[in-house]
Engineer: 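The structure under discussion is supplied below as structure tokens; questions concerning it will follow.
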Amino acid sequence: MNNIRVRFAPSPTGALHIGGVRTALYNYLLAKKYNGTFILRIEDTDQTRYIEGAEDYIMQSLKWCNILPVEGPGMGGAYGPYRQSERKDLYKKYAIELVTKGRAYYAFDTPEELDAMRLREKEKGNHSPLYNGAIKKSMTNSITLSDQEVKERLESGAPYTIRLNIPSDETVIVNDIIRGEVSFQTNDLDDKIVLKGDGMPTYHLANIVDDHLMKITHVIRGEEWLPSTAHHVLMYRFFGWEDTMPTFAHLPLILKPNGKGKLSKRDGDKLGMPVFPLAWKGKTPEDSFDGFKEHGFDPQAVLNFLAFLGWNPGTEQEIFSLDELVEAFSLDGIGKSGARFDFDKAKWFNEQYISSKNNKTLAVLVKPLLEEKGYNATDDFIETFCGMMKERVTFYKDFADKGYYFFEPVKEYDAKTVKKKWKDEHKNNFNKMIEIILNTDPFDPTTMENKVKEFITENELKFGDLFPLLRVAIAGIVKGPPVFDMIALLGKEEVKQRLEKATEFFENTTQQKV
RNA sequence: CGCCCUGUGGUCAAAUGGUGAAGACGUGGCACUUUCUAUGCUAAGUUCAGGGUUCGAUUCCCUGCAGGGUGACCA
């Protein structure tokens with residue numbers, strides 16, 4: 001495959017959905033793999049749905065994921081402009097070309113007339129009325145009107161649309177790399193509007209014209225486009241561009257966790273999981289939400305997870321760097337059926353990525369999150385801390401959320417452990433153990449542990465009687481990294497204070513209970 | 001309702017016209033760790049249904065059923 005040119009063509013109607021990120025990723029992977037070109041095209045032909053900031057959000061998202069296009073708005077490229085609104089004048093010419101060729105026609109029906117027609121048809125028992133075949137002969141358009149009437153209407157500046165003139169009784173075959181041959185009957189196809197009343201093209205026209213002009217070789221997009229691809233194929237034929245028509249690949253959809261429908265923003269809200277890459281700040285709180293980034297995901301993990309939703313390399317390898325994905329990717333490896341969004345699997349990928357990172361890298365990423373919580377420490381401290389915590393966290397933010405006791409004094413002691421273990425017969429030994437720990441020099445985990453174990457063995461004591469208390473005294477809870485690692489990192493002074501405070505607390509609470 | 005797509009364990013999925021249908025996530029158990037993790041081992045669980053072709057079908061064909069998509073002067 002040579003000179004591959006693919007495009008990701010989102011509409012700036014809001015935040016970029018995670019399914020869009022996957023589409024972008026597959027496009028990116030194919031381009032990279034074959035040394036091709038990955039293009040971003042903004043499909044902003046619907047002025048009514050345009051959302052300020054959406055285009056920027058798309059760029060930021062691709063940037064975060066590290067799958068940036070090389071041609072697109074603000075990036076240059078020989079086939080610009082890359083915003084369809086800036087190409088507006090271009091499309092009309094092509095629409096009229098179709099009219100001239102008899103493959104499209106002017107239509108003057110008002111929205112009200114269209115509604116009336118649909119209502120009329122429904123009453124007749126036609127459940128999905130199509131503007132085509134017999135019906136178009138009953139509407140107001142350049143097929144039913146005389147040339148003179150059409151001319152007058154156009155000259156009077158009356159609003160009009162241009163509709164595709166779909167032929168009858170033909171079969172259109174769509175060749176899809178993922179789905180094989182998909183055939184449609186033209187009688188089931190409607191005469192789609194290609195140029196709207198406001199002079200803007202619809203998706204269908206703009207898409208075909210731009211893909212042709214931008215020399216796109218592969219159209220990789222969501223399955224929701226499959227039904228209209230018959231129209232697209234017909235348009236390539238009408239224009240005489242069939243020999244350079246791109247190859248289609250319609251991706252299976254990402255479904256809701258329960259499998260009922262496409263994944264949507266609501267699912268994220270409802271289930272407390274991100275559905276977008278980055279946070280979006282809408283006009284209202286309801287329209288604002290966090291993304292994978294804010295949730296504490298590593299972008300590589302997100303990409304790896306998304307890549308596997310509908311694609312797999314056919315081997316047992318699951319963890320792939322972006323370069324490895326490029327290497328392994330193939331359109332044939334894409335499945336046909338929709339994949340449910342499995343948040344557990346996403347979490348697993350993230351755990352894998354976090355725990356495989358070296359401590360220094362982690363420290364750089366985690367430090368700002370700690371500072372956000374008011375936790376300050378030296379870089380060395382954070383680095384060691386990350387090393388201890390990285391196999392115990394799922395998200396980046398967990399470092400601060402689960403490792404808080406490294407940065408603040410213990411506020412609460414696990415009551416169960418205190419009650420169960422703080423017994424008279426152990427108190428003395430516990431105090432002796434503390435003394436041994438505090439007198440350890442050098443103050444490192446191994447030395448400490450050896451000395452304490454020696455003490456326990458010599459006095460025929462049990463680890464289980466002393467260690468839980470020690471952990472609770474240091475951290476408050478019976479969770480976390482090896483206790484001597486924690487002690488060593490916290491340092492002698494801090495540990496001394498914590499132990500003193502703890503023993504005092506242990507003594508008080510248990511005495512009250514007696 | 002029309003048209004289109006899809007149908008392998010709870011989820012993501014591999015493979016095959018013919019021995020016991022990979023693997024991963026999740027779930028249970030065991031080991032390790034006298035914490036929590038991680039890790040290793042292990043268990044349970046599956047070819048949507050019915051026909052047909054065939055010596056033999058999860059695989060090929062048909063029908064049914066189920067799920068999804070689409071049916072705008074939205075993309």
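Order of the sequence lines fixes the chain letters, A, B, ..., with proteins taken first and strands second; residue numbering starts at 1 for each chain.
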Engineer: Roughly how far apart, to the nearest Å, are B:G40 and B:U33 at atom C1'?
Structural biologist: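 It works out to 13 Å between them.
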
Engineer: Starting at atom CG of A:Asp414, determine the distance to atom P of B:C36, rounded to an integer number of angstrom.
Structural biologist: 12 Å

Engineer: Just to be sure I understand the rule, does A:Lys347 reach a base, reach only the sugar-phosphate, or reach nothing, if contact means heavy atoms closer than 4.0 Å?
Structural biologist: nothing

Engineer: Can you tell me how far P in B:G56 sits from the matching atom in B:G52, rounded to whole Å?
Structural biologist: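 Roughly 11 Å separates the two P atoms.
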
Engineer: Nearest whole angstrom, please: distance from the P of B:G71 to the CG of A:Leu164.
Structural biologist: 16 Å

Engineer: Test A:Tyr131 against every option in A:Ile166, A:Leu114, A:Leu164 by the side chain to side chain contact (heavy atoms under 4.5 Å, CB included) rule and name the one that passes.
Structural biologist: A:Leu114

Engineer: May I ask you to say what A:Phe308 touches in the nucleic acid, namely base, sugar-phosphate or nothing, with a heavy-atom cut-off under 4.0 Å?
Structural biologist: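 Sugar-phosphate: the residue A:Phe308, judged by heavy atoms under 4.0 Å, touches backbone atoms but no base.
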
Engineer: Quick one: pull up NE2 in A:His17 and CD1 in A:Ile58 and give me the separation to the nearest 0.5 Å.
Structural biologist: 13.5 Å

Engineer: Need one value for A:Asp109: base, sugar-phosphate or nothing, where a base atom within 4.0 Å counts as base even if backbone is also close, heavy atoms only.
Structural biologist: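 The answer is base, as A:Asp109 lies within the cut-off (heavy atoms under 4.0 Å) of a base atom.
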
Engineer: For A:Asp398, is there an ion pair with A:Arg392 - N to carboxylate O distance below 4.0 angstrom?
Structural biologist: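 Result for this pair is no, no salt bridge flagged.
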
Engineer: Take atom C1' in B:U46 and the same atom in B:A14, then report the distance between them in whole Å.
Structural biologist: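 It comes out at 13 Å once rounded to the nearest Å.
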
Engineer: Quick one: do A:Glu86 and A:Arg83 make a salt bridge, cutoff under 4.0 Å?
Structural biologist: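 Here A:Glu86 pairs with A:Arg83 in a salt bridge, since their nearest N and O are under 4.0 Å apart.
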
Engineer: Under the rule for side chain to side chain contact (heavy atoms under 4.5 Å, CB included), what residues qualify as partners of A:Thr171, not counting sequence neighbours?
Structural biologist: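 If we apply the side chain to side chain contact (heavy atoms under 4.5 Å, CB included) test to A:Thr171, skipping adjacent residues, the hits are A:Ile173, A:Ser183, A:Gln185.
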
Engineer: Indicate whether the side chain of A:Asp169 and that of A:Asn187 have a donor and an acceptor atom separated by less than 3.5 Å.
Structural biologist: yes

Engineer: Checking contacts here: which listed nucleotide (B:U35, B:A14, B:C25) is nearest the side-chain heavy atoms of A:Pro482?
Structural biologist: B:U35

Engineer: Please report the distance separating the C1' of B:G23 from the corresponding atom of B:G45, rounded so that it comes out in whole Å.
Structural biologist: 15 Å

Engineer: Taking the side chain of A:Glu391 as its heavy atoms from C-beta onward, which of B:U37, B:U35, B:C73 lies nearest to it?
Structural biologist: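 The listed nucleotide nearest to A:Glu391's side chain is B:U37.
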
Engineer: When we call it a touch if two heavy atoms are under 4.0 Å apart, what does A:Thr45 touch: a base, just sugar-phosphate, or nothing?
Structural biologist: sugar-phosphate

Engineer: Check the side chains of A:Asp401 and A:Tyr396 for a donor-acceptor pair under 3.5 angstrom, ignoring hydrogens and angles.
Structural biologist: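 No, A:Asp401 and A:Tyr396 have no side-chain donor paired with an acceptor closer than 3.5 Å.
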
Engineer: According to a 3.5 Å limit on both distances, what stems of 3 or more consecutive Watson-Crick or G-U pairs are formed with RNA chain B?
Structural biologist: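 If one scans RNA chain B for consecutive Watson-Crick or G-U pairs, the stems found are B:1-7 with B:65-71, B:10-12 with B:23-25, B:27-31 with B:39-43, B:48-52 with B:60-64.
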
Engineer: Distance between the C1' atoms of B:C41 and B:G51, in whole angstroms?
Structural biologist: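 Here B:C41 and B:G51 have their C1' atoms 45 Å from each other.
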
Engineer: Looking at every strand, decide which applies to A:Arg118 at a 4.0 Å heavy-atom threshold: base, sugar-phosphate, or nothing.
Structural biologist: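 Since only primed, P, OP1 and OP2 atoms lie under 4.0 Å of A:Arg118, the category is sugar-phosphate.
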
Engineer: Roughly how far apart are A:Leu303 CG and A:Leu25 CG, rounded to 0.5 Å?
Structural biologist: 4.5 Å

Engineer: In whole Å, what is the span from the CD atom of A:Glu318 to the P atom of B:C25?
Structural biologist: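 From A:Glu318 CD to B:C25 P: 7 Å.
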
Engineer: Between A:Arg471 and B:C36, does any side-chain N or O lie under 4.0 Å from OP1 or OP2?
Structural biologist: no

Engineer: Can you see if the side chain of A:Ser11 gets near the phosphate of B:C74 - specifically, an N or O under 4.0 Å from OP1 or OP2?
Structural biologist: no

Engineer: When the P atoms of B:U47 and B:U8 are considered, how many whole Å apart are they?
Structural biologist: 11 Å

Engineer: Looking across every strand, which nucleic acid part, if any, lies under 4.0 Å from A:Gly480 by heavy atom: base, sugar-phosphate, or nothing?
Structural biologist: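 Contact class for A:Gly480: base.
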
Engineer: Could you write nucleotides 3-10 of chain B as a row of B, S and -, 5' to 3', where a protein heavy atom under 4.0 Å of any base atom gives B, of only sugar-phosphate atoms gives S, and otherwise -?
Structural biologist: SSSS----

Engineer: Counting just side-chain N and O atoms, does A:Asn312 come under 4.0 Å of either OP1 or OP2 of B:A13?
Structural biologist: no

Engineer: Does the base of B:A24 carry an N or O that pairs as donor and acceptor with the side chain of A:Lys345 under 3.5 Å?
Structural biologist: yes

Engineer: Look at all strands and tell whether A:Gly335 reaches a base, only sugar-phosphate, or nothing, counting heavy atoms closer than 4.0 Å.
Structural biologist: nothing

Engineer: Nearest whole angstrom, please: distance from the P of B:C73 to the OH of A:Tyr106.
Structural biologist: 19 Å

Engineer: Considering every strand and a 4.0 Å limit on heavy-atom distances, what is the contact class for A:Gln352: base, sugar-phosphate, or nothing?
Structural biologist: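 Sugar-phosphate contact only.
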
Engineer: For A:Arg41 and A:Asp211, run salt bridge (charged side-chain N to carboxylate O under 4.0 Å, His left out): C-alpha distance rounded to whole Å, both residues' side-chain angles, the deciding distance at 0.1 Å, then the answer.
Structural biologist: CA-CA 10 Å; A:Arg41 187 172 71 219; A:Asp211 281 350; 2.8 Å; yes

Engineer: Mind checking if A:Lys462 touches a base, just sugar-phosphate, or nothing, with heavy atoms under 4.0 Å?
Structural biologist: base

Engineer: Rounded to whole angstrom, note down the C1' distance from B:C62 over to B:A57.
Structural biologist: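 Roughly 15 Å separates the two C1' atoms.
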
Engineer: Would you say A:Lys196 places a side-chain N or O within less than 4.0 Å of OP1 or OP2 belonging to B:A72?
Structural biologist: no

Engineer: Salt bridge check, A:Glu97 against A:Lys93: does any charged N sit closer than 4.0 Å to a carboxylate O?
Structural biologist: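 No, A:Lys93 and A:Glu97 are not salt-bridged.
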
Engineer: Roughly, in whole Å, what's the span from CE in A:Met200 to P in B:A72?
Structural biologist: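 Taking CE of A:Met200 and P of B:A72, I get 22 Å after rounding.
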
Engineer: If I take atom NZ from residue A:Lys357 and atom NZ from residue A:Lys390, how far apart are they, to the nearest 0.5 angstrom?
Structural biologist: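 Rounded to the nearest 0.5 Å, the NZ-NZ separation comes to 10.5 Å.
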
Engineer: Just to be sure I understand the rule, does A:Gly310 reach a base, reach only the sugar-phosphate, or reach nothing, if contact means heavy atoms closer than 4.0 Å?
Structural biologist: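 It contacts sugar-phosphate atoms only.
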
Engineer: Of the listed nucleotides (B:U37, B:U39, B:C73), which one gets closest to any side-chain atom of A:Pro111?
Structural biologist: B:C73

Engineer: If we take the C1' atom in both B:C61 and B:C25, what is their distance in whole Å?
Structural biologist: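 Here B:C61 and B:C25 have their C1' atoms 36 Å from each other.
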
Engineer: Can you tell me the distance, in whole Å, between the CG atom of A:Asp191 and the P atom of B:G71?
Structural biologist: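 Going from A:Asp191 (CG) to B:G71 (P), I get 16 Å.
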
Engineer: Take atom CH2 of A:Trp348 and atom P of B:A38, then tell me their distance rounded to the nearest Å.
Structural biologist: 12 Å

Engineer: Output the single nucleotide from B:A13, B:A24, B:A75 whose closest atom is nearest the side chain of A:Ala339.
Structural biologist: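 From the listed options, B:A13 comes nearest.
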
Engineer: Going by atom types alone, do A:Ser355 and A:Glu391 pair a side-chain donor with an acceptor below 3.5 Å?
Structural biologist: no

Engineer: Check whether any side-chain nitrogen or oxygen of A:Lys122 sits under 4.0 Å from OP1 or OP2 of B:C1, and answer yes or no.
Structural biologist: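 No.
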
Engineer: Under 4.0 Å between a side-chain nitrogen and a carboxylate oxygen: does that hold for A:Asp414 and A:Arg471?
Structural biologist: no

Engineer: What is the distance from NE2 of A:His231 to C1' of B:C73, rounded to the nearest Å?
Structural biologist: 14 Å

Engineer: Both A:Asp344 and A:Leu309 contact RNA chain B. Taking the nearest nucleotide for each, which residue is further toward the 5' end?
Structural biologist: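 First, find each residue's nearest nucleotide; the 5'-ward one identifies A:Leu309.
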
Engineer: If you assign A:Pro481 and A:Glu316 each to the RNA chain B nucleotide with the nearest heavy atom, which residue ends up on the more 5' nucleotide?
Structural biologist: A:Glu316

Engineer: Hey, does A:Ser128 reach any base, or is it just sugar-phosphate, or nothing, if we go heavy atoms under 4.0 Å?
Structural biologist: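 Touches a base.
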
